[in-house]
Structures are given as C-alpha cells and as structure tokens.
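Each chain gets a letter, A, B and so on, in the order the sequences are listed, and its residues count up from 1. This structure is a prediction, so every number in the text was calculated from the model and none was measured.
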2 protein chains.
Amino acid sequence: MSEATSRARNRATADDVARVAEVSRVAVSRAFNPHASIKPEKRDRILKVAQELNYTPDVAARSLVTRRSHLVGVIVPDVCSPWESQEIDALTTALQAEGFATLLFKTRTDRSMDSQLLTYMKGYNPDSVIAFTENVGPEILGQILDRAVPIYVSYPHEETIEPIAPGPRFDRLDVIQRDGIDQAIALMQGFGARRFAYLAGDPHASASLEREYVLRQVMAARGLGEPLIVPSDFTYDTAYRATIDLFRIGDGVDAIFAANDVGAFGVLDALRHELGLKVPQDVKVVGFDDIAQSHWKSYDLTTVRIDLDERVRALVRLILRRLKNPDAPALSETIRTKLVVRGTVG
Amino acid sequence: MSEATSRARNRATADDVARVAEVSRVAVSRAFNPHASIKPEKRDRILKVAQELNYTPDVAARSLVTRRSHLVGVIVPDVCSPWESQEIDALTTALQAEGFATLLFKTRTDRSMDSQLLTYMKGYNPDSVIAFTENVGPEILGQILDRAVPIYVSYPHEETIEPIAPGPRFDRLDVIQRDGIDQAIALMQGFGARRFAYLAGDPHASASLEREYVLRQVMAARGLGEPLIVPSDFTYDTAYRATIDLFRIGDGVDAIFAANDVGAFGVLDALRHELGLKVPQDVKVVGFDDIAQSHWKSYDLTTVRIDLDERVRALVRLILRRLKNPDAPALSETIRTKLVVRGTVG
DNA sequence: TTGTACGCGTTATCAT
DNA sequence: ATGATAACGCGTACAA
C-alpha cells in the first residue's frame, strides 16, 4: 500500500520480490546468481515472482559490490566510417553474447584524445576499454583508468616477442600487416606495375604509418624502389582531390596502394570520372580493410583483408582472459592479413 | 598506510579526497555538484586534491541515489549500415556534450526484438531509450522499462495532432516524409518519367511502408497511376538482384524510387554494370536518406534528405525535456524531408 | 541451505 | 556554508 505509492515508479526491488515470494531478500539475490547454492524449487518460485513483478537486478547497485560493471568502453574517432562501424557492430554482438554492454565514446574530430573524455569515462568504471584512436598512448589510458586494463590495437613491423615493458600494463592486439601487403605488391608487379604510390591515411595514425613502413620494406625486397607518398587522411574527399593533384603533376604512376578502402574509392572515382583513366588497364588500385562496400560493382576493389570476425574474437578473448585474471602480465593476441583479389588489378 | 594497501587498486574514493583535503566527505560531493552551495576556495582546493589523487565520482554509486544513470540506451538492428552508423555517430556526439553516455545494443539480424535484450538493458537503468528498430511497439518497450520513457521514431502519413492515447507513455519523433517524396516525383515527372517502380525496404519496417504509402498518394495526385512495387530489404545485394530481375521481366520502367540510399546504389550498379542501361538517360533513380556516400562520384545520387543534425537535435531535446519533467504527457518533435538534386535524374 | 549484518561510494535530508 | 546520518539496491562473510 504505502510502499507502493511512495515509490516513484513501479520499479520493483529485491525486497519487493522477497516479500511477495515470502523468502528473505538474500534468497532473491541467490536466485539470480547461478553459482549460489539455493534449492532449485525455491529459485524457480523466486524467478517466477520476479517476472510477474517485472523485476531485474540493478546493475549499478550490483557493480558497486562486485566491482564488475559489465561495461566495455569503446573509444572511436568516428562511428560513421565504414570500417569502424562494422567493427563496432561485430564487437557489440560478441560482447552482448558474453553479458557485456558497449559504452560508446567519441573523440573529437581532430583525433586528439581528450583527457576530459577519459575522466568522464572513468566514472562509469568499465571492465575493459578498447581504444581505436591512434594518438593516445596506453600509458595515459592506463594512468587515468584504474580498474580496467586497456586494450590497444597495434601494428608491429614484425612478429616479435616484445619484452614485457615496465610501466603501466596494457593488453595488445597485434595486427601483422606484411602478408597481405606483400601479396598485393606481388600481384600488381606481376601485372606490370612499376611506379607505385602510397595514398596515406591520417598522418597521426600508426596503422597508416606502419602500412607505409611495411610497404617500403616489401618493395625494396622486390627491387621496386621507393613508393611515392601521397598525403591523405582516410576520407573519400581528400583521397579524391589528392589523386587529381597527383596526376595533374603528371608523375606516370601506374599503381596506387591506399591505406584504407574508403580512400581507394576516392582514388577510383577520381581516376575514372575526373581523369578519364581506366582501372586496371591504366592504373592498378589496391585498398586496405575489405569493408562491405568493397565488393560493390562500382568499385569491385582488390584489397588487403583484416578478418573482422577473427579480430573481434581476439578482442573478446583478451577481455575475458584479463577479467579472469586481473593481475596477469600483459596479454596479447595476433592476427594477420591476406589479399582479396577483385577487379582493380589485372 | 593500511588503508592504501588494503585497497585492490589505486582507486581513490571521496573519503580519500576528504581526508587529504581535510574536509568532510559531503564537501567533496558538493565540490563536484555545480548546484551545491560551497565556498569557492574550498571547492577549488578539493578539486585540486581530487585531481592529484586521480579521483572521479563513481557514476554507479551516484545513480543509485540520484536515480539518474546518465546512460542513454540505443537499440539498432545494424550498427554497420551507413545511415544508422551516421546517426549513432551524431547522436553520441550530442549526448556526450550533454553529459550522457551511449549504451549500445544490437537486436538480432531478423529484427525481432528480443524481450531478453530489453530485460538485459533494463538492468542498466538508462535515463532514456531510443529505439530505431521497427518492429517493437512502444507498448512493449514502456512495459519492460520502468524509469525511462522510450522515444519512438515514427513516420506518420500526415502532420496531425494525435490524440493523447491511453496506455503506456512514450515520446515521438515524427518524420513527415511527404515534401521530399513529392519533390522527387515531380522532378522525375518533369524529366519525362512515366512508369515508376518503388524498391521497398524491409517489409517489416514502417519507414519503408510509410514511404510506399505516401508515394502512392503523391503519384495519384499527379495522375501517375500505381507504382510497381519491388520487394527488397534495404541492402545493396538484394537491391542489385531485384533490379536485375525487374528488367529481365522487361517491364519498361523508366524511374526507380528506392526506400534508402544503399538500395539505390544497388539499383544503379545493376543498371549500369549488369544491364547496360544509362542513368539518368534510360532510367532515373532517386534514393532516400542522403547518407555521406551519396555524393560519391560513382553514384552522385539524387535523394530525399533527412537532415541528420536536425533529427539528432530533436532527439536530444526530447530526452532533456522528458528528464526535466518526468511526468509530462507524451512529447513529440517533428522534422521534414527535402530533395537533394544530384546526377541520377535529368 | 538459510538468514543476519555489513559494506560498496555516493547524494539527500536535516540539523547547526 | 557546513557536517552527521540515513538511505540507494545489491552481494557476501559469517554464523546458524
């Protein structure tokens, strides 16, 4: 009576369930905890009453005592770029299956990680944090967050066993890019390409810088000399204009390796619709990521693939392993790339 | 000493700050609450100590007593489809600016809203819930969530003042689609199109059904007869195949209105790369949404625009108004559409 | 297996 | 303006 009216809304609490089911409040708690010992029939009765009362345990209250928020913070500069949105999609699905919710944070468009944002996020006590942003060191992340061990996606030159560095702890997903890049260059070389350009991504992004580094290594090993570096920023529009500028100067480039697929689309459209060049006859183009749009007929892009499912599975493994053993030394997972051949080389 | 070692990690609490700053714990709380009355110099000292100790108020603990989680649940079937990812991006940015974090949930791919998912989400006590999914009634949403008043995006035929319906409360964002659709048909008609097809979206999506309804109205008003309905599901691949089937049958369609831009891309690619037809000479094409990809040169799509910023601002307004007055009757905001003319009609 | 008592970190209330 | 105390909803050590 009075208890029902005094409550702001019809939110049921564990006490309400206990009262109706005529058990103690602790029993209700145990009914919702699979590991607790409680007589099965008692649990069933409690769960039934809970459903009738539309009761759900309060995650916030629970996390206060269990020190587990079941929240995973995901930090991205742009949710709307295809690669990132596809990764967030897959990640959210996988996390949901494991009982975690995705807490999404956006950095500013200049990709400078705001320490205010981190402070803000810290208040939510995420169990784990995945940083896609390229320009925040794991040191800073680890310093600001306390409970969570951040996961950092890195693109090492070589597959090496890194020494366990002193300082703040963080887990790593290493993406070895060499395989796919080597296959891409080999394919273009095999079809007669000689003068290569690299359409870069954001100059602050380690993904782009490491791609360039590996590209140089691979080309040198194949006796192909230095690639021409074309600055860009992962976006379609910049790639489009950069390509036009490149050919206005008239450099006789016959192969363009783009740091990402969206950039490659800009290259293709500039070549075909602005410069009147044919792909792959006049210029060969390869992208990076293999986003869903890359198989669209207007592009039909040959590209270096990062397997999204594999990548997400590795991230989830890292999260679960870390939560199971919070004090373990730095963890890491490794994935590789491979070339997907379509119509822009040949 | 003992208090420092006993703590699992270096997580500082309000008590720690209070001790170091030599004030009461309540003062620390007030220092972080802008509305609280506290001597400015005292607040400054507390904030300084807090920063030294790397202290941030715990949102979970706070929400327990304030009944505000500062969480907004966003439910989508696919994060990775361009329109939705762009909306989530803008929404997250806007919410972050208002002090809310985005809690992301994915429904299953068959778009059937899982009641288990809702129960799961309820545990987080979101202050508001935005449902993009088309096949969950606000009744169900409102029944399962208790504290939050859900926001439902609807596509009414006409701009009418709906009577305040009895039953569960929910707020609405009404998207009036007529203007843009009428402009699109007028433009195509003006350029000589006579036989129209509607490439539908997901058959369960009210957005698609309402677009079809308005399209029929508009065409009838213009003496254009019935459109040919082509079933699809918002995706590129289905639109591509559906378009090929449509012309294999040989129906002499000279204008296609697609339920969304991605579908229109599939139409364009099928027409040009598979059927050898020219756009806009042989067939005129109009899309819906005006996603970022629509201005890409390969598509250069004429499309009905839903202004994303305007839409997100309306959503945020709804959230803030509802939180300021939890017991207000159903709120609603209205936005309109307009045609963006590019190269696929003319 | 069951229940009592306590603590998680914070804010609201009510004194002063 | 300030501080003591009582919640908020839940999990768990401990005793029974």
Output the rounded distance in Å from [atom1] ([X]) to [atom2] ([N]).
| X | N | atom1 | atom2 | value |
| --- | --- | --- | --- | --- |
| Asp58(B) | dC10(D) | CG | P | 16 Å |
| Leu64(B) | dT10(C) | CG | C1' | 8 Å |
| Arg67(B) | dC10(D) | CZ | C1' | 13 Å |

For [X], side-chain hydrogen bond (donor to acceptor under 3.5 Å, both in side chains) partners two or more places apart:
| X | result |
| --- | --- |
| Arg317(B) | Glu333(B) |
| Ser85(B) | none |
| Arg322(A) | Asp171(A) |
| Ser81(B) | Glu84(B) |

(request) Quick one: label Ser24(A) by what it contacts on the DNA or RNA (base, sugar-phosphate, nothing), any heavy atom closer than 4.0 Å. (result)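 Touches sugar-phosphate only.
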
(request) State which of dT2(D), dT10(C), dG9(D) makes the closest approach to the side chain of Asp15(B). (result)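 So the nucleotide nearest the side chain must be dT10(C).
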
Can you list the residues that meet the salt bridge (charged side-chain N to carboxylate O under 4.0 Å, His left out) rule with [X], with sequence neighbours excluded?
| X | value |
| --- | --- |
| Arg25(A) | Asp15(A) |
| Lys39(B) | none |
| Glu52(B) | Lys48(B) |

Pairs under 3.5 Å (N/O, protein and nucleotides 11-13 of chain C):
from, atom 1, to, atom 2, distance (Å)
dT11(C), OP1, Arg62(B), NE, 2.9
dT11(C), OP1, Arg62(B), NH2, 2.9
dT11(C), OP2, Ser29(B), OG, 2.5
dT11(C), O5', Ser29(B), OG, 3.3

(request) Give every residue pair that meets the salt bridge (Lys or Arg N to Asp or Glu O under 4.0 Å) criterion with at least one member in residues 92-103 of chain A, sequence neighbours excluded. (result)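 Qualifying pairs, neighbours excluded: none.
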
(message) So, does Thr13(B) get its side chain near the phosphate of dT10(C), meaning an N or O under 4.0 Å from OP1 or OP2?
(response)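 Answer is yes, contact under 4.0 Å.
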
(message) Rounding to 10°, can you tell me the angle the first-five-pair axis of the helix from dT1(C)-dA16(D) to dT16(C)-dA1(D) makes with its last-five-pair axis?
(response)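 The angle separating the two end axes equals 30°.
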
(request) Please answer whether the main-chain N or O of Pro326(B) pairs with a side-chain N or O of Arg321(B) as donor and acceptor at a distance below 3.5 Å. (result)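 Not at all, since once roles are kept as given, no pair shorter than 3.5 Å links the two residues.
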
(message) Taking Arg30(A)'s backbone N and O only, do any of them form a donor-acceptor pair with Arg43(A)'s side chain (distance below 3.5 Å, no angle check)?
(response)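 Present.
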
(request) For Phe32(A), check ring pair (Phe, Tyr, Trp, His ring centres under 6.0 Å) against everything at least two apart and list the hits. (result)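 Ring pair (Phe, Tyr, Trp, His ring centres under 6.0 Å) check on Phe32(A) returns Tyr55(A).
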
(message) Can you pull out the residues from residues 40-48 of chain A that lie within a 4.0 Å heavy-atom distance of DNA chain C?
(response)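 Those residues are Lys42(A).
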
